[in-house]
Amino acid sequence: MKNLGILLDMRSPEQVLYAQDVCEKAVGSNNVKDYVIFYTRLCRLEKPFNTSILSINHLWSFSGNLILLSSDKLLEIKTIPSNIEIIYVPDTDENFDALKLLCSHANVKIKTMRVESKSLIDRTIGDNIPSQKYSSLETLIGDIT
Amino acid sequence: MNFTIFNYTSPTFFQPIYLKHEIDKLMNCKADVINDTSRIYYTYDIIKPEYSIINAGMNFGDCIHYNRNSNHKIKHILNIDYLKSEYIDSLKTFLKDELDFNCVLLFSTNANHKKEKFNTPYLHLPNCADINIPESSKVFTIDKGIIINSESEKREYDGSHHFISIGNPDIKCDITANNISASRIYKNYKQLIFRNINPSIIPEAFYNALYFGNRVYIENDDKNDGDKVQEILSKALDTKVSFHFKDNEQYDVESVRNKIKTKHSPKNRLKQLLSQLKGTHNLLLQMEK
């Protein structure tokens, strides 16, 4: 069993909704030890998360799978020497940056549920980083955990 | 011999920087790159340049003022790269009237300027590859990098590819870079395709791509323009290689790279420029060694 972290920009409503969905699915999973939200920018939420919310700086004491909803902080996260497996989900990322991903591809995996995201990834990332498309969030989380 | 260069660098044009670099390599020769002409008395009095390279878009009122009031008259070399065609006549009048500006040479990378009749000597100084940029290691592999000038130039390509804009952050594309940062990622692409190159100005980025990248091609929507670019490249590189993307010629990258190094490097461009100036014979001899 591994920890599950989700890193998001709280000022992006799409990312918040996505993360809340992931949390709901993670509650029922027997394979998740603990799950936690990490934020890059904090703001007041209409519907709070049912788990702990920590600043991105706390990633230094985290180990496990980290779902990355935004590639903004990818290069910074790569400098953290702890045991973090990065899973980048580009579906809600408004600032998708192919070059950033390509320059830090060592331990990143890309998982998506959207056809458009998958074709964007295939076009811009090619075979440099393994990527996979899922039909539902359950199968995506199931595969991660 | 001292030079001053008033900095007219842009994200797509690093000529002032590479000229400075080459001048500094010469013995007893130094070039200072100055940001603007606001402190001209201080600059010229301290550096005492023989020649001062300045762009036509800059405010050179103070340069004229300095020459009028100084015994040491600075010889100005005027770069007219950013000058729009509608201002060419005004420039001709200016050069005719303002003799105190002491302009000894005009130069630009734009072949269209060759047709103009200036009273001052004119030199067409084509762009070149800035081979001083440090080479980067290869970190990823993408089939194609397509260098575009506008979003309308995007189209479908096979395999993995990036649309790259050089110097224009307003274009929505995968990568936006300046000439230096673009040169450092060229190696990661199997093919680089330049869309719609203007035959009158083969861009610096194209020469950089020939030097730093793998296979480089051109793809012009206008067939005539494409053929003109091909003709210029055939002459410049002394080769029969077709650079048209549609021909997909698997040419020898290393031989093209060597040609760029020997014929289209900053050193060659500085030689061309110095050969038009008085009192530079010793410098030219030094460069031949």
Side-chain angles (χ1 to χ4, degrees), chain A residues 9 12 14-15 66 68-81 84-134, chain B residues 11 133-148 151-193 195 205 208-209 212-215 219 245:
Chain A
D9 176 0
S12 159
E14 270 203 308
Q15 290 189 18
L66 179 70
L68 205 70
L69 299 183
S70 153
S71 59
D72 279 358
K73 301 287 176 189
L74 187 62
L75 297 178
E76 288 90 329
I77 296 166
K78 294 292 293 178
T79 63
I80 300 173
I84 298 177
E85 198 172 315
I86 301 169
I87 298 119
Y88 172 58
V89 181
D91 298 358
T92 54
D93 192 357
E94 287 171 4
N95 303 314
F96 173 76
D97 188 339
L99 198 56
K100 207 175 256 184
L101 275 162
L102 288 166
C103 292
S104 61
H105 66 263
N107 288 318
V108 182
K109 283 177 189 155
I110 303 174
K111 297 186 189 291
T112 174
M113 290 186 335
R114 284 191 187 167
V115 180
E116 315 89 76
S117 304
K118 179 67 176 142
S119 59
L120 178 70
I121 294 294
D122 287 347
R123 180 175 74 74
T124 57
I125 306 296
D127 302 328
N128 294 282
I129 305 175
S131 68
Q132 214 171 338
K133 188 189 164 293
Y134 295 84
Chain B
I133 299 170
E135 287 198 43
S136 302
S137 50
K138 190 172 181 287
V139 283
F140 57 88
T141 307
I142 293 286
D143 295 335
K144 295 179 185 75
I146 300 107
I147 290 84
I148 55 170
E151 279 178 51
S152 61
E153 289 178 345
K154 285 182 186 175
R155 69 167 184 84
E156 293 280 320
Y157 289 88
D158 294 336
S160 56
H161 55 276
H162 289 165
F163 291 104
I164 304 169
S165 155
I166 295 182
N168 190 348
D170 297 332
I171 299 174
K172 207 175 164 198
C173 58
D174 302 312
I175 296 168
T176 304
N178 63 36
N179 268 356
I180 292 183
S181 43
S183 301
R184 302 192 73 171
I185 58 167
Y186 284 155
K187 198 177 261 183
N188 300 292
Y189 298 92
K190 290 179 190 164
Q191 294 180 323
L192 286 163
I193 303 155
R195 296 279 282 129
N208 282 348
F212 291 101
N214 295 310
R215 292 207 171 86
E219 192 181 36
F245 174 60

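Proteins get letters first, then strands, A, B, ... in listed order; numbering begins at 1 in each.
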| request: For residues A/R123 and B/H162, report the shortest heavy-atom separation together with the two atoms involved. | output: NH1-CA, 4.2 Å

| said: Can you give me the closest heavy-atom contact between A/G126 and B/S160, atom names plus distance? | reply: CA-CB, 3.8 Å

| query | Side chain, backbone, both or neither: which part of B/F163 has a heavy atom under 4.5 Å from chain A? | reply | both

| said: Apply side chain to side chain contact (heavy atoms under 4.5 Å, CB included) to residues A/I125 and B/F140 and explain how you reach the verdict. | reply: CA-CA 9 Å; A/I125 306 296; B/F140 57 88; over 6 Å; no

| query | Which value, rounded to the nearest 0.5 Å, describes the distance between B/D143 atom CG and A/D127 atom CG? | reply | 8.0 Å

| task | Start with the C-alpha distance between A/L102 and B/N188, add both sets of side-chain angles, then the distance that settles side chain to side chain contact (heavy atoms under 4.5 Å, CB included), and finish with yes or no. | result | CA-CA 10 Å; A/L102 288 166; B/N188 300 292; over 6 Å; no

| field | Atom NZ of A/K109: over 12 foreign heavy atoms under 6.0 Å | value | no

| Non-hydrogen side-chain atoms of A/N128 and B/V139 separated by less than 4.5 Å | no

| From B/I175 CD1 over to A/L99 CG, what is the distance, rounded to the nearest 0.5 angstrom? | 4.5 Å

| Exceeds 12 heavy-atom contacts within 6.0 angstrom, atom CD of A/E94 | no

